[in-house]
Amino acid sequence: MNISEDMFRIEEKWQKRWSEARLFESTPDGRDKFYATYPYSYMNGLPHIGHAFTVLRVEFQCRYRRMRGYNVLFPFAFHCTGVPIVAAAKRIKDGESTQMQIMRSMGITDRQVKKFSEPEYWTRYFPKRWENSMRRLGMSIDWRRKFITTPLNPSYDSFVRWQFNVLREKNYVRLGSHAVIWCPKDNIPVGDHDRVKGEGETPTEYTLLKFRTDEGDFLVTATLRPETAFGQTNLWINPEADYVRALVDNEVWILSKEAADKLTEQGRKLTVKGSLKGEELTGAYAFSPTMGKRLVVLPAPFASPSKGTGIVTSVPSDSPDDYIALKDLKRKAENDTLEPSIAHAVVNIEPVEIIDTPGYGTLPAKTVVDRLNIRSQKDKEKLDRAREEVYREGYYKGVMLERCAEYAGLTVDAARSAIRKKLLESGDADTMYEPSGEVVCRCLTRCIVKVVSNQWFLAYGDQKWKEDTHEAIASMRFYPPLVRKQFEHVVDWLKDWACVHHTGLGTTLPWDDAWKIESLSDSTIYMAYYTIAHVIQKGKITSDRKLGQAFFDYVFLGIGDSDEAAVQSGFSRSKTEEMRKEFLYWYPMDMRNSGKDLVGNHLTFAAFNHVAIFPREHWPRSYGVNGWITISGTKMGKSAGNSLYLDDAIARFGADVTRLTEAYADEGFDDPNFDTGFAETAGKRLLQMLDTAKNLNSLDDSGENSMDVWMMSMMARHYGGYIAAMEDMSYKNAVKSALVDMQNSARWYIKRRGTPNRRTMRKFAELQVMMLAPFTPHVCEEAWEAMGNQTFVSTQLMPEPSTMIENAGALAGEGYLEGVIADISEILKVTEIVPEKITIYTAAKWKTHLLIAEQTGNRNDSSAIRKQLSSGVATREMEKFYRNLSRERQSGRLKSIAETAGVIDEHRLLNENTDFLAKEFRCRIEVPDGDAAGVEDRAGRRENSFPLRPSIFVE
RNA sequence: GCGAGGGUAGCCAAGUAUGGCCAAAGGCGGCAGACUCAAGAUCUGUUCUCGAAGGAGUUCCUCGGUUCAAAUCCGAGCCCUCGCACCA
């Protein structure tokens, strides 16, 4: 028998039956509802087991809730908004090899691939593939509600337009300007994925400082450290580079040609009046407002015209570069290789102490240069290290010195912004942006920062909006609970979000069609759209029906009346009212689960937008967050060469095993592990379960005994653990309870009982099938059917946990027996005796009575018992007993010993099981009555016996 | 730097909130046995050290503390992972 073929046959069979029975098409009814969602995935690729992991966390919960009596809605859709699809299509068109390789790995042949040069094709192709994969995985999704985003789906498009109109009315969408990394050749913003170099680099803000020359022009320098303005000793200019004189407002600025271009892109008006070489300015003087004197301009080959303005202030006290450059110049001055006028200026320059950095003194640049033994400007590597160290230490620990006027005593951090502000106000400074590091566009052009004006923002920085969102977060549940803190923090640091772009696919802004709404902004409240999507789109991924404001106002907000909404939408009035009712039934969303990457954006945005648009009772109820899947411990990633597509996983392991392995990978917030080793063997376990179900009828229904009581108790215990785990979304624990723990108990039960009882085994099989059904629904349906049920286990109600009862006596008794077996095994192992006979002496009754009396602190009882005993029992045994008693008291075990000893009869238990023990140890077993007189005491062991610790003698 | 989380036996990992029943669940891997012509699969046992009697010793990043008692509480330190955005 081929295991995987068997599994595939079962999986197909049940997927077909579910679909025929429309089992997961959810409609409102009288039951409590449970509405859960997964953030729709981006349609530029196929699902891999990482996507599957996240979706399955929703799926498991949905299937579980369905079996606990909830009316469950689990919809699915496809995200197409933004640049990636368009960019990938373009790469196909260009025949780019990496992209072609990616397509091939997804099973797309070179002949088919041409079609993908058209972005629209992606939006039709991948949703199909995703739905197919999800169906093959056995997901309990209501597929009637699927859709795609962007204007390619006019109905959804009108929904997003409605959303933005509402946001704008409430003043949550605002106009502003915004700095982006920009390619000057392509004239577009360059996101991380479009960069050849510089991923993660962002625009940073430089302070421009202006120095008036004797001619009345301004030399303009750029710095990230305006607080060093009090330590300037001179200016640096690159003698070889080209500079321009440009008219800015009414001033003439001197700066590098590149800098002038950049400032123009950043929205500044510059009129270039003329150009000059850097060397024309060396030896000139310019006035520093912070120093209150003129500074000399010195030649510096290291001053790059493409960085900043190409002119730099020199602060040798705090800049290792400046310090070392100055040192070099001084050396040249001494050797008479400098022009006399410059040489004269150079020898008089000394660093000015402005910042005290603990551990570095007041001249940190000198300190570090000396320590690292940097000899010249050519020592690039060491200089980089020095610069970084001084910068970091100064920023976090440095304090401004006396000569920094009103800033004295401030930390560098505080002084920086204060000084900058002051200089900006006095007109001695200005602002310029630069990328935080070098960024190169795919077109191989070096990127700059552009300030885009008239940019629309979602005002996540708005204080009131933040407060409301905090309330929403406070009212929510989180899985795992510790992510709550993350969310609280994100709400605080979120700033205004540029919500529109010029490129990619997306809904145009209703009031300005030059802009398209970007992908993280058109996907924040669409969970509301799911509730009516099947009515509007009739199960298709797109619908041409356009819907107006009044329609959505009525259906989602209850504003206006159904007549107007009906007219505007073309739906009948009753259809419109039906949609309103359906929305009200399903909303709010009870749970949304995603990968942890969406905490800092999407999930928080969704909370913000719900707060802005919907009344409090429709805010989300809970979020689940999970980590990134690893495959057998190594990170999954295309670059690492070990990504596993869902389709491939299903083909290799089957849907149920894939699901079970994903469930077993669950690890809260840390990265879960898809354990292929577990997957390899899981299929067999599932088929064993199926076999058990099939073979129930061949079992005897002989009378029940204590082992059946025990088995039922263990089932109750495992079921309790299972329920708790499911409620917490701790799927690994749930699988452990349902599969491992249940199985182990059954094995022990069968071993102990010899032949299992049919009724007990049936209860066991039914319970286990139900417990596993959320995880491995196909094989569970098969087993359920094999047990003679006509219904689907998928919609079967699980038992109420309170109806499952643990029998404490049965559990304690069996636990006791296992303890005795373990002790005997231990003795046999150590002594290496092959036993002929094992004698087990249980503690005499009086010991148990005494122990309980002592534990409960009933002195009267214990002294009475002692008195009674004093004549009959040897004092030595009494002493031993008390010694053991105090030891157990010390260890804290006394209480549980007393409790257990109170509910079991040790002697009877062992006596009843001598046959089993004899079989287990292959020898004779004797259990003399500890209370009977004249019992033979082998090797004087009898008197050592203690409650729950019988004495054992092996011979 | 800011924010969040973490360091447990060969590996992965539960336990930490509520200290004692914790030499510490479970899974992988290893070892031994059963089955088999054999291999694989499966099943059983075992897997910190020592031990000819169920015991003892040493463990849960490091150091120190609280306590009759610490993987668990407190303090200090070392190390690791993730996020810090306009990018899905």
Side-chain angles (χ1 to χ4, degrees), chain A residues 3 39 41-45 79 81-85 178-181 189-195 199-200 202-203 392 395-396 413 455 457-458 460 480-490 492-501 518-521 523 596-602 627-628 630 632-633 664-665 667-673 675-678 680-681 684-685 688 730 732-733 735-737 739-741 744 747 751 815 819-820 822-833 888-897 899-900 939 941 944 949-954:
Chain A
I3 281 155
S41 282
Y42 200 68
M43 289 299 119
N44 64 340
H79 203 189
T81 313
V83 182
I85 285 179
H178 178 55
V180 293
I181 302 282
V190 181
D192 272 346
H193 56 274
D194 283 328
R195 297 175 188 176
E199 196 173 322
T202 54
R392 174 168 30 89
Y395 183 69
Y396 296 109
D413 186 13
Q455 166 77 33
F457 288 88
L458 283 165
Y460 297 139
L482 58 90
V483 295
R484 175 187 302 280
K485 283 190 200 161
Q486 290 275 66
F487 279 103
E488 283 169 353
H489 185 245
V490 171
D492 282 335
W493 70 244
L494 221 50
K495 298 193 194 96
D496 290 355
W497 179 268
C499 60
V500 289
H501 286 172
E518 60 86 40
S519 63
L520 280 163
S521 300
S523 55
K596 60 185 173 186
D597 52 326
L598 299 188
V599 172
N601 45 58
H602 165 73
W628 300 123
T630 60
S632 299
Y664 200 72
E667 278 172 33
F669 203 34
D670 290 333
D671 289 345
N673 180 26
D675 188 342
T676 45
F678 178 87
E680 307 283 357
T681 60
K684 295 224 169 64
R685 294 191 202 204
Q688 272 164 27
S730 301
K732 186 172 191 165
N733 287 335
V735 169
K736 194 189 150 227
S737 295
L739 196 65
V740 182
D741 294 345
N744 285 343
R747 211 172 285 150
K751 182 175 176 180
V820 172
D823 274 351
I824 296 173
S825 304
E826 177 82 6
I827 293 166
L828 295 180
K829 188 182 133 200
V830 173
T831 60
E832 292 175 350
I833 295 171
E888 298 296 357
R889 198 198 301 280
Q890 272 288 305
S891 72
R893 280 194 293 265
L894 197 58
K895 191 170 172 228
S896 71
I897 292 174
E899 279 166 6
T900 307
R941 293 197 178 263
N944 290 335
R949 285 312 289 283
S951 277
I952 296 161
F953 183 71
V954 177

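Order of the sequence lines sets the chain letters (A, B, ...), proteins ahead of strands, with each chain counted from 1.
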* Identify whether any heavy atom of A:His602 sits under 4.0 Å from a base atom; if not, whether one sits that close to sugar-phosphate; answer base, sugar-phosphate or nothing. => nothing
* To do: Report which part of the nucleic acid A:Leu598 touches: base, sugar-phosphate, or nothing (heavy-atom distance under 4.0 Å, all strands).
  => nothing
Should [N] form a Watson-Crick or G-U wobble pair with both distances under 3.5 Å, which nucleotide is its partner?
N	value
B:A17	none
B:C73	B:G65
B:U42	B:A34
B:G29	B:U47
B:G3	B:C82

* Donor-acceptor contact below 3.5 Å, side chain A:Tyr42 vs main chain A:Thr81 -> yes
Excluding sequence neighbours, so at least two apart, what forms salt bridge (Lys or Arg N to Asp or Glu O under 4.0 Å) with [X]?
X	result
A:Asp496	none
A:Arg949	A:Asp823
A:Lys751	A:Glu920

Identify each atom pair where a protein N or O and an N or O of nucleotides 42-46 of chain B are less than 3.5 Å apart, giving names and distance.
| unit_1 | atom_1 | unit_2 | atom_2 | d |
| --- | --- | --- | --- | --- |
| B:U44 | OP1 | A:Arg747 | NE | 3.0 |
| B:U44 | OP1 | A:Arg747 | NH1 | 2.9 |

Can you tell me how far [atom2] of [N] sits from [atom1] of [X], to the nearest Å?
X	N	atom1	atom2	result
A:His489	B:A4	NE2	C1'	9 Å
A:Leu482	B:A17	CG	P	16 Å
A:Gln455	B:A85	CD	P	17 Å
A:Ile181	B:A85	CD1	P	11 Å
A:Leu828	B:G51	CG	P	18 Å

For nucleotides 7-9 of chain B, which of its nitrogen or oxygen atoms have a protein nitrogen or oxygen under 3.5 Å away, and what is each distance?
none

* Which residues pass the ring pair (Phe, Tyr, Trp, His ring centres under 6.0 Å) test with A:His602, sequence neighbours left out? -> none
* How would you list, by chain and number, every residue that makes a ring pair (Phe, Tyr, Trp, His ring centres under 6.0 Å) with A:Tyr460, sequence neighbours excluded? -> A:Trp465, A:Phe605, A:Phe608
* Taking the nucleotide of RNA chain B with the closest heavy atom to each, which residue, A:Ser519 or A:Leu494, is nearer the 5' end? -> A:Leu494
Same-atom distance ([atom1]) from [N] to [M], integer angstrom:
N	M	atom1	value
B:A14	B:G65	C1'	28 Å
B:C43	B:U8	C1'	30 Å
B:G51	B:G5	C1'	43 Å
B:A24	B:C82	C1'	29 Å
B:G30	B:U81	C1'	30 Å
B:G29	B:A38	C1'	24 Å
B:U62	B:A71	P	12 Å
B:U16	B:G7	C1'	13 Å

So which heavy atom on [X] is nearest to which on [Y], and how close?
X	Y	value
A:Trp493	A:Gly600	CH2-O, 4.3 Å
A:Val490	A:Val599	CG1-O, 4.0 Å
A:Ala498	A:Phe457	N-CD2, 3.5 Å

* Find out whether A:Leu739 and A:Tyr664 are in side-chain contact, i.e. whether some heavy atom of one side chain is under 4.5 Å from a heavy atom of the other. => no
* With a 4.5 Å limit on heavy-atom distance, are the side chains of A:Val954 and A:Thr831 in contact? -> no
Choosing from [options], which nucleotide comes nearest the side chain of [X]?
X	options	result
A:Gln486	B:C84, B:G3, B:C86	B:G3
A:Lys732	B:C84, B:G5, B:G26	B:G26
A:Leu520	B:C87, B:G3, B:C82	B:C87

Between N or O atoms, less than 3.5 Å apart, protein on one side and nucleotides 52-54 of chain B on the other: list the pairs.
| unit_1 | atom_1 | unit_2 | atom_2 | d |
| --- | --- | --- | --- | --- |
| B:A52 | O4' | A:Val830 | O | 3.4 |
| B:A53 | N6 | A:Val954 | O | 2.6 |
| B:A53 | N1 | A:Val954 | N | 2.9 |
| B:G54 | O2' | A:Asp823 | OD1 | 2.7 |
| B:G54 | O6 | A:Ile952 | N | 3.4 |
| B:G54 | N1 | A:Pro950 | O | 3.0 |
| B:G54 | N2 | A:Asp823 | OD2 | 3.0 |
| B:G54 | N2 | A:Pro950 | O | 2.7 |
| B:G54 | N3 | A:Asp823 | OD2 | 3.4 |

* To do: Determine the sole option in A:Ser519, A:Pro39, A:Ser41 for which the side chain to side chain contact (heavy atoms under 4.5 Å, CB included) test with A:His79 is passed.
  => A:Ser519
* To do: Go through the structure and list residues passing side-chain hydrogen bond (donor to acceptor under 3.5 Å, both in side chains) with A:Gln455, not counting sequence neighbours.
  => none
* Residues that A:Asp492 engages under side-chain hydrogen bond (donor to acceptor under 3.5 Å, both in side chains), provided they are two or more places apart -> A:His470
* Distance (rounded to the nearest 0.5 Å) between A:Asn733 CG and A:Asp741 CG -> 9.5 Å
Just the table, please: protein N/O against nucleotides 33-35 of chain B N/O, every pair under 3.5 Å.
none

Distances for protein N or O near nucleotides 72-74 of chain B N or O, under 3.5 Å:
none

* To do: Could you tell me whether the side chain of A:Lys736 has a donor or acceptor atom within less than 3.5 Å of a complementary atom in the base of B:A25?
  => yes
